[in-house]
A.B. asks: 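One structure, pasted below without further comment.
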Amino acid sequence: MLAEIKNVSKTYESDGNKISVLDNINFTVEDNDFICIVGPSGCGKSTLLRIIVGLEKPTSGEVLFKGELIAPDNPKVAMVFQNFALFPWLTVKENIELVLESKKHGEEAEKVACKYIKAVGLDGFERVYPRELSGGMKQRVGFARALAVEPVLLCMDEPFSSLDALTSQNLKDELLMLWADASMPPDAVIMVTHNVEEAVYMANRIIILSHRPGKIVADLKIELERPRNRKDPEFYRWVDKVYSLIV
Amino acid sequence: MIFPKATISEIIGLLEVVNDSGGIEDAARLAADFDLELDEILPSIDGAELLGFVKVTDGNIELTADAQKLLDTGIRERKKIIRDKVGGVEIIKELKNKLIESSGHKMKKEDTLKYLQNRIATTDIESYFRIIINWTRHAGLIGYNSDSEEICLMSRE
């Protein structure tokens with residue numbers, strides 16, 4: 001078992017009112033899991049992801065990573081953000097090297113950065129600043145930066161939702177190629193998305209959250225062979241099934 | 001001439017969705033499937049056609065053998081195919097030759113824009129510059145240094 005989400009609840013307080021966002025979430029993450037968390041907007045799925053990576057504390061419950069309480073600086077967990085979160089004053093390579101600073105130095109950091117720049121197809125863009133990049137290339141930097149720390153668990157918060165439809169299709173396929181490559185990190189992925197089709201396309205397991213406060217409505221194994229085809233009737237049966245559990 | 005305003009990622013994304021439809025798809029249906037205006041998807045179709053990845057007849061987009069080859073390989077190998085294809089595009093060939101002839105294999109952005117302006121009829125040459133550099137960087141052919149505002153030949157590995 002890689003990670004365990006145990007009785008996680010989250011409540012926010014605003015003007016003396018308590019707003020419950022997540023209610024008693026329980027699941028485990030195993031090796032080779034590609035989990036998509038889906039649910040209606042406001043169901044707390046991004047909050048749940050932030051709790052899983054240790055960026056936020058649950059009001060009650062806990063997240064264990066390999067049996068220990070998750071810490072925000074856990075080097076074995078990496079995050080990819082919807083808005084890329086790149087430093088505009090750093091080049092592509094510098095953005096990636098920065099996350100390696102605490103662990104690797106000089107030539108070694110450069111070697112690792114170059115490895116992941118190539119893996120995501122960013123070679124040729126090393127010295128380019130984020131402002132010069134299209135959205136697709138920016139998110140490739142996001143992927144390379146997350147992979148460069150060689151995480152065991154990769155968490156992604158709506159990584160494709162700022163991209164146009166075609167670019168997003170291209171990046172999904174490339175990410176799945178990296179995922180299929182056993183020599184590449186991570187061992188497991190948790191991705192938050194509001195797009196059901198995207199979840200069925202990517203995941204081998206879908207966790208469906210209810211309206212706020214988010215509770216787990218279903219935890220489905222997606223038994224579709226890869227590569228998946230959106231035009232396949234079987235694909236649509238899964239999409240329908242997930243929708244019927246959300247609505 | 002007209003140059004398609006689509007990034008390499010959009011073009012490959014287009015090939016992937018046409019592939020899902022069995023290698024041939026109607027442009028209008030594709031646009032509808034992705035909730036895009038035809039105008040929004042046309043540059044990607046034109047770009048894919050210019051690179052020899054699709055044939056377009058009567059609104060039908062059909063993948064070529066080269067597109068299939070691209071889709072069947074990994075990210076690293078895709079780069080090589082893109083390099084060959086982008087290197088064969090006339091305006092990029094011309095730009096590359098100009099760079100080979102120029103001192104230090106560099107050219108000021110300002111001069112590049114003037115050159116492109118003579119070849120592409122547009123009032124927004126800057127956005128075409130960005131797209132062309134997107135293609136040539138992907139291909140590892142021509143880079144751009146935004147500090148010195150110069151384009152340059154990229155060294156081959």
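For the numbers below, each heavy atom of this structure counts, side chains included, while hydrogens, waters and symmetry mates do not. The sequence lines fix the lettering, A, B, ..., with proteins before strands; numbering per chain opens at 1.
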A.B. asks: Indicate yes or no for a side-chain donor-acceptor contact from A:K118 to the backbone of B:R76 under 3.5 Å, with no hydrogens or angles considered.
C.D. replies: no
A.B. asks: Just do the side chain to side chain donor-acceptor pair (under 3.5 Å) check on B:S146 and A:E132 with the steps written out, would you?
C.D. replies: CA-CA 8 Å; B:S146 62; A:E132 299 174 66; 2.8 Å; yes
A.B. asks: Go through the atoms of B:D147 and report whether side chain, backbone, both or neither lie under 4.5 Å from a heavy atom of chain A.
C.D. replies: side chain
A.B. asks: For A:F125 and B:K79, which heavy atoms make the closest approach, and how far apart are they?
C.D. replies: CE1-NZ, 4.4 Å
A.B. asks: Given that the side chain runs from C-beta out, which part of B:R137 has a heavy atom under 4.5 Å from chain A: side chain, backbone, both or neither?
C.D. replies: both
A.B. asks: Do the side chain of A:N170 and the main chain of B:E10 share a donor and acceptor less than 3.5 angstrom apart?
C.D. replies: no
A.B. asks: Among A:R140, A:Q139, A:E174, exactly one meets side chain to side chain donor-acceptor pair (under 3.5 Å) together with B:S9. Which residue is that?
C.D. replies: A:R140
A.B. asks: Sort B:S21 into side chain, backbone, both or neither according to what part of it lies under 4.5 angstrom from a heavy atom of chain A.
C.D. replies: both
A.B. asks: Would you call B:E25 and A:K231 a salt bridge, taking side-chain N to carboxylate O under 4.0 Å as the test?
C.D. replies: yes
A.B. asks: Between A:A119 and chain B, with a heavy-atom cut-off of 4.5 Å, which part of the residue counts as in contact: side chain, backbone, both or neither?
C.D. replies: backbone
A.B. asks: With B:I75, which of A:L178, A:L122, A:D181 fulfils side-chain contact (heavy atoms from CB on, under 4.5 Å)?
C.D. replies: A:L178
A.B. asks: Counting only heavy atoms from other residues, nucleotides and ligands, does the tally under 6.0 Å from NZ of B:K109 exceed 12?
C.D. replies: yes
A.B. asks: Any salt bridge between B:D33 and A:R230, counting N to O under 4.0 Å?
C.D. replies: no
A.B. asks: Quick one: are A:L166 and B:I41 in side-chain contact, heavy atoms under 4.5 Å?
C.D. replies: yes
